[in-house]
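What follows is a set of notes on a single structure, which appears directly below.
Computed over heavy atoms, backbone and side chain alike; hydrogens, waters and symmetry mates excluded. Note on naming: letters A, B, ... go to the chains in the order of the sequence lines (proteins, then strands), and numbering restarts at 1 for each one.
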Amino acid sequence: MGPLVPDIISPELNLILGLLLGIAFGFVLEQAGFSSSRKLVGLFYGTDFTVLRVFFTAGVTAMSGVLILNHFGLLDMDIVYINPTFVQSAILGGAIMGVGFVLGGYCPGTSVCGAAIGKIDGMIFVLGGLFGIFAFGEAYPAILKIYTAGSYGDLLVSQPLGISQGQFALLLIVVAVGAFAATTWIEKRVNPESESFRFPHRAQRWAAAGVLVLGLILAALPDRKTSLLSAAADPAYQRAHPVERITSDELAFHIMDGDRRILPVDVRDATVFAKTSLPGAVNIQPPTMLGKEWRDVLSQDQNRKVFFAQDEASAVRAATLARILGYKNVAVLQGGLDGFNRTILQAAAPSEGLPELELGTARFRARAATEIAALIKQRGGVKPVRRIKKVQGGCGS
Amino acid sequence: MKTRYMNPYLAGFLLGLVLLATVFITGRGLGASGALKSVVTSTVWAVAPGHAAKTAFFQSAHPEGQSPLMEWLVFEALGVLLGAFLSGVISDRLTFTLEHPPHVKSWVRVAGAFAGGALFGLGSQFGRGCTSGAALSGMAVLSAGGFLTMLAIFGSAYAVAYFFRKLWI
């Protein structure tokens, strides 16, 4: 379902939504006190930990929501923009921004909030920000090397740690609750007149217990992708939900017939598919079926989707997954591509001594071998294309 | 009498919901420095188009036949400006002031704000986003780069805070 752009919400309407979401963003930031530089830098002098509380609470809320929506298949994380990781540049940039934070008392978003309510220092900070970006643009060729070094693409923070996303969420929640408790303790001593204790202590404890339970649930939630893929690969599940098989002869007949209601689905690697595949085949990597990318193709019920791989078992896994995801009219090529090659493409020439029935089959296969081999040759090398692009986002793109 | 600020946990929760809604609807996070970049790009194109066409950075940020200001983040940042203003009206916090501690001279605060802004602008380009676009939005989608940038921002700020203490306390 999500993200709603561009399928459900048009790019033009998206700009208006950007304005509305921005209004909500700015409103909350100002209400939190982020329009005051002295309040913001209080974080670095132990006098005011508002920034830490707001920031961590917001991060945990949004992250938990993303994980939950993803678990129920409501948000396709293959499309959502994941800030790409460039190690050196991320650290260098963060280090420079940290100095800017202490010196200027704002970050870009909060300086806009400050400027909005008349803070002159906020306006000057914005001007400084424009100048800094201009300077970067002028120096761009010289710093391109470090800017693009250490690229890891859409790396998730849980991956190098070797834990699941839910386990990372639990870890972050524990750190956040610990930080909330510790900073409240520090604030009480550094700045006893601080106004920040609005919750009664009892409520604070209940809230802390609540988010920790949420963290445990997130950590225990099996990842949707993993659980669906493992169900589809489970032999017991496959026996209980058998997928229809189609023989090499039948498939060959449909291909020669030019039957458009048959869609061969090659589930092998893209590189193998690019070299050679059956005529008219599309290449679908099984995990991508979980997202939106192939929905319009697979949900055409009048077409029979014939899944195949080199062997039969891999195709059965993919077809079972397609069935779990609710797609209909799904079949598997019996014996896989190996079987198809043996029976059809490398069929022996019909010899006259065979009985009537077998002779007919042998003649058909010989004809199929020539015709389909020609079709495969015609197809040539095909580059698979990514059908749905990731959302372009982020500030540095 | 100014009204008090919102409970930080409630504000954080609401901010998290806004961010979650943004990701769910648009497939991307919130941001701020990206909008400033669009302003810089369009200014350079307007003032010195010849120079902009020769500079890789401004070239890449200018899509064919479209103003760099027709960007999602520009609209979002205009919203931030409006939303913060609205909040200021409601909570009676609208005043033209240069906020600084009494012992700090005005020109020092002005210089600090400009230098800080410049560093943040520069750093946000390296970090591919600032506190909003890289750190907060990156956290929501569990981006490793977002977490790295966040740790670097706050780590570096704590590391240098002592040397700039005269500016604030």
Best-contacting candidate, Leu155(A), Val60(A), Leu161(A), Ile8(A), against chain B by heavy atom pairs under 4.5 angstrom: Leu155(A)
Region of Phe134(A) in contact with chain B, defined by heavy-atom distances below 4.5 Å: both
Among the listed options Ala111(B), Ala115(B), Gly145(B), Gly123(B), the residue most often paired with chain A at heavy-atom distances under 4.5 Å: Gly123(B)
Rounded distance [0.5 Å steps], CG in Leu14(B) versus CG in Leu19(B): 12.5 Å
Nearest-0.5 Å distance, CG of residue Asp121(A) to CG of residue Leu98(B): 5.0 Å
Residue part contacting chain A, namely of Phe58(B), when any heavy atom lies under 4.5 Å: side chain
Option that, when pairs with chain B are counted at under 4.5 Å, heavy atom only, ranks first among Ser36(A), Pro141(A), Gly122(A), Gly65(A): Ser36(A)
side-chain contact (heavy atoms from CB on, under 4.5 Å) against Ala95(A), all qualifying residues, sequence neighbours excluded: Ser156(B)
Max heavy-atom pair count under 4.5 Å with chain A, selected residue of Gly155(B), Ala77(B), Gly88(B): Gly88(B)
Short side-chain to backbone donor-acceptor contact, Ser143(B) and Asn83(A), under 3.5 Å: yes
Nearest-0.5 Å distance that lies between atom CG in Leu81(B) and atom CD1 in Ile23(A): 10.0 Å
Contact leader toward chain B among Leu21(A), Ile9(A), Leu15(A), where contacts are heavy-atom pairs under 4.5 Å: Leu15(A)
Heavy atoms from other residues, nucleotides or ligands near CZ of Phe13(B) exceed 12 (cutoff 6.0 Å): no
Contact class of Phe49(A) relative to chain B, heavy atoms under 4.5 angstrom: side chain
Top contributor to chain A contacts, counting heavy-atom pairs under 4.5 Å, from Thr41(B), Leu30(B), Val160(B), Ile169(B): Leu30(B)
Inter-residue atom distance Leu69(A).CG - Leu67(A).CG, 0.5 Å rounding: 9.5 Å
Interface residue of largest heavy-atom contact number with chain B, from Val5(A), Ile120(A), Leu20(A), under 4.5 Å: Ile120(A)
Phe85(B): partners by side-chain contact (heavy atoms from CB on, under 4.5 Å), with sequence neighbours left out: Ala116(A), Val89(B), Leu94(B)
Flag, side chain of Thr26(B) to backbone of Arg28(B), donor-acceptor distance under 3.5 Å: yes
Largest heavy-atom contact set with chain B, pairs under 4.5 Å, which of Phe131(A), Tyr152(A), Phe125(A): Phe125(A)
Chain B contact via Phe101(A) - which portion, at a heavy-atom distance below 4.5 Å: both
Chain B contact residues among residues 103-115 of chain A, heavy-atom distance under 4.5 Å: Leu103(A), Gly104(A), Gly105(A), Tyr106(A), Cys107(A), Pro108(A), Gly109(A), Val112(A), Cys113(A)
Winner by heavy-atom pair count (cut-off under 4.5 Å) against chain A, out of Gly121(B), Ala56(B), Gly29(B), Ser137(B): Gly121(B)
Evaluation steps, side chain to side chain donor-acceptor pair (under 3.5 Å), between Glu187(A) and Thr47(A): CA-CA 6 Å; Glu187(A) 209 173 45; Thr47(A) 52; over 6 Å; no
Gln167(A) (side chain) donor-acceptor with Ser164(A) (main chain) under 3.5 angstrom: yes
Spacing of CG belonging to Leu75(A) relative to CG belonging to Asn70(A), to within rounding of 0.5 Å: 6.0 Å
Pairs of heavy atoms under 4.5 Å with chain B: top-ranked of Ile133(A), Val80(A), Thr85(A): Ile133(A)
When Ala135(B), Ala159(B), Gly31(B), Gly112(B) are compared by non-hydrogen pairs under 4.5 Å with chain A, the top option: Gly112(B)
Check: Arg165(B) and Phe44(A) side chains under 4.5 Å, non-hydrogen atoms: no
Residue Tyr158(B) versus chain A: region with a heavy atom under 4.5 Å: both
Ile90(B), part contacting chain A, at a heavy-atom distance under 4.5 Å: side chain
Pairing residues for Val39(B) by the side-chain contact (heavy atoms from CB on, under 4.5 Å) criterion, not counting sequence neighbours: Leu130(A), Thr43(B), Leu69(B)
Chain A contact via Val23(B) - side chain, backbone, both or neither, heavy atoms under 4.5 Å: both
Chain A contacts, top residue of Leu20(B), Thr149(B), Thr131(B), Ile25(B) (heavy-atom pairs, under 4.5 Å): Ile25(B)
Separation between CE of Met97(A) and CZ of Phe120(B), rounded to the nearest 0.5 Å: 6.0 Å
Atom group of Thr22(B) that falls short of 4.5 Å from chain A, counting heavy atoms: both
Structural part of Leu127(A) lying under 4.5 Å from a heavy atom of chain B: both
Expected output: side-chain Trp45(B) to main-chain Ala52(B) donor-acceptor under 3.5 Å: no
Region of Leu17(B) that comes under 4.5 Å of a non-hydrogen atom in chain A: both
Side-chain H-bond candidate by donor/acceptor type, Ser37(A) with Glu99(B), under 3.5 Å: yes
Contacting region of His51(B) [heavy-atom separation from chain A under 4.5 Å]: side chain
